[in-house]
Amino acid sequence: MNVSGLSKGMAFNNFLSTLSKSLQLPIAVLPMAGILLRLGQDDLLGAFGIYGQFLAGGANAIFGNLPLIFAIALAIGFSSDSHGSAALAGGVGYLVLTGALANLPPMSALAFSAALSLA
């Protein structure tokens with residue numbers, strides 16, 4: 001067996017291993033997004049109005065930004081230290097929060113000041 005062929009095969013296996021480990025993080029996000037989307041439908045919590053819209057908005061933020069999530073995960077996986085899972089979690093949290101808040105009705109200045117006084 002050719003030694004150079006063996007090293008090329010091992011390098012390809014290392015590449016595939018790194019690729020599969022990189023894709024595990026964003027794929028782990030998808031079931032929760034599916035659950036949020038289902039809970040936000042009209043026949044479940046969507047019947048309660050704003051609560052369903054909030055949950056569905058968070059799920060749509062994940063599904064709408066899947067390319068970004070996968071790009072972040074691949075960059076983390078192929079980095080030298082691979083300690084970027086917190087960065088991916090922060091990015092996903094931001095996307096969910098902004099997507100969920102986009103479905104809420106705008107607060108008037110009076111309601112906003114009343115909410116601040118309660119805090």
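Residue numbers count from 1 along this sequence.
Sequence neighbours left out, not one pair with a member in residues 49-61 passes salt bridge (Lys or Arg N to Asp or Glu O under 4.0 Å). Within the structure, side chain to side chain donor-acceptor pair (under 3.5 Å) pairs that include any residue of residues 39-48 comprise R38-D43 (at least two apart or interchain). Applying the ring pair (Phe, Tyr, Trp, His ring centres under 6.0 Å) test to pairs two or more places apart or on separate chains, those with a residue in residues 15-43 are F15-F78.
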Contacts under 3.5 angstrom, residues 51-77 side chains, donor-acceptor by atom type, not counting sequence neighbours:
residue	atom	partner	partner atom	Å
N60	ND2	A56	O	3.2
N65	ND2	A61	O	2.8

Could you tabulate the donor-acceptor pairs under 3.5 Å formed by side-chain atoms of residues 18-33, not counting sequence neighbours?
residue	atom	partner	partner atom	Å
T18	OG1	N14	O	2.9
S20	OG	L16	O	3.3
S20	OG	S17	O	2.9
S22	OG	T18	O	2.8

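For the atom pair L97 CG and L101 CG, the distance stands at 4.5 Å (nearest 0.5 Å).
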